[in-house]
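Small disclaimer: the values here were computed from a predicted structure and weren't measured. Indexing begins at 1, ligand by ligand and atom by atom, following the structure's order.
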Amino acid sequence: MRVKQEWSHPVAAIEKFETSADVAAEAARSAIAVLQQAIETFGDARWVLAGGSSPMSAYKIIVAEYADALDWSKVTAVIGDERAVGVDSPDSNWGQVTPLLFGTPQTSTVTGIRPVTELGAETAAIRYNDDLQALVADGDTAPRFDLVWLGVGEDGHTLSLFPGHPEFNEDDEALVVPIHNSPKPPPNRITLTVKALTNSRHAVIFATGAGKKDALALAVSEKKLPIARVSAALDAAGADVRWLFDAAAAS
Ligand SMILES: O=C(O)[C@H](O)[C@@H](O)[C@H](O)[C@H](O)COP(=O)(O)O
């Protein structure tokens with residue numbers, strides 16, 4: 001069950017669900033619809049994946065219920081942020097997400113673009129920036145992304161854009177930057193920038209869990225935290241931005 005309401009100073013729609021499982025189910029269902037529509041419109045679909053436990057539940061639903069629902073060979077997936085570790089590390093977002101999401105015969109045909117974070121944050125950021133630049137169409141300044149999934153940290157971070165961090169610069173011109181001294185370990189990472197998302201069509205923000213309540217309330221009321229800044233930039237760029245709250249995060 002959900003209740004849809006608009007922001008008091010609108011940047012996007014907030015939707016409230018009872019449980020995080022309901023959020024995951026809606027994220028999974030809508031991902032398939034958005035990716036299918038992109039395939040029909042453009043001939044392919046591009047998806048920015050998120051790490052974290054909330055999206056993980058949604059990936060599980062996708063492989064269990066929707067593996068047959070798409071021609072996955074027409075889907076390209078990138079990761080929104082990554083830790084500067086090898087893919088075999090338990091800290092690797094790619095290493096957590098893709099064995100699950102690409103783990104069925106059907107979904108194994110996805111084109112995954114993985115950052116080479118085993119080479120360190122600097123090199124990985126340069127190379128991933130190049131990889132994403134290759135997706136930018138003539139006349140555009142950012143890749144067309146059809147779907148962007150974003151998690152939220154308890155401090156209001158999203159991607160690896162942390163509040164008050166000196167390397168969080170909303171005006172970064174690069175599509176991908178290295179991050180050092182992350183307040184949440186591991187310290188060295190790469191992240192997509194705000195600019196990287198400015199040609200996105202749909203975004204889903206996983207606003208789940210009691211631990212996020214304060215940050216989310218602040219994000220909604222003051223719009224200063226990175227998740228709010230990213231949401232506003234997506235909205236300004238014309239994306240359909242959905243914040244999917246569970247009751248614990250909304251209360
Ligand atoms: O940066 C990190 O180290 C985390 O991966 C983080 O970005 C995570 O996505 C959020 O904290 C939401 O996590 P949950 O979905 O697990 O709540």
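Using a 4.5 Å heavy-atom threshold, the side chains of L234 and L150 count as touching.
We find that E170 and R229 are joined by a salt bridge, their nearest charged nitrogen and carboxylate oxygen being less than 4.0 Å apart. At a threshold of 4.0 Å, the pair R242-E26 counts as salt-bridged, since one of the basic side-chain nitrogens sits closer than that to a carboxylate oxygen. Between D146 and R144 a salt bridge is recorded (basic side-chain N to carboxylate O distance below 4.0 Å). Salt-bridge annotation for K74 and D71: present, with a side-chain N of the basic residue lying under 4.0 Å from a carboxylate O of the acidic one.
The nearest heavy-atom contact from the protein to atom 12 (C) of ligand 1 is V152 O, 3.2 Å. Looking from atom 13 (O) of ligand 1 to the surrounding protein, the closest heavy atom is G52 CA, 4.0 Å. Here the heavy atom of the protein found nearest to atom 17 (O) of ligand 1 is K212 NZ, 2.7 Å. At the top of the distance list for atom 16 (O) of ligand 1, counting protein heavy atoms only, stands S53 OG, 2.6 Å. Considering only non-hydrogen protein atoms, atom 3 (O) of ligand 1 sits nearest to R83 NH2, 2.5 Å.
For atom 7 (O) of ligand 1, the nearest non-hydrogen atom from the set M56, K184, H157, R189 comes from H157. In the candidate list G51, G153, A249, S57, G51 is nearest to atom 9 (O) of ligand 1, counting heavy atoms.
Any N or O atom pair closer than 3.5 Å counts here, and S54 shares at least one such pair with ligand 1.
With hydrogens and angles disregarded, no donor-acceptor distance shorter than 3.5 Å links the side chain of K195 to the backbone of A142.
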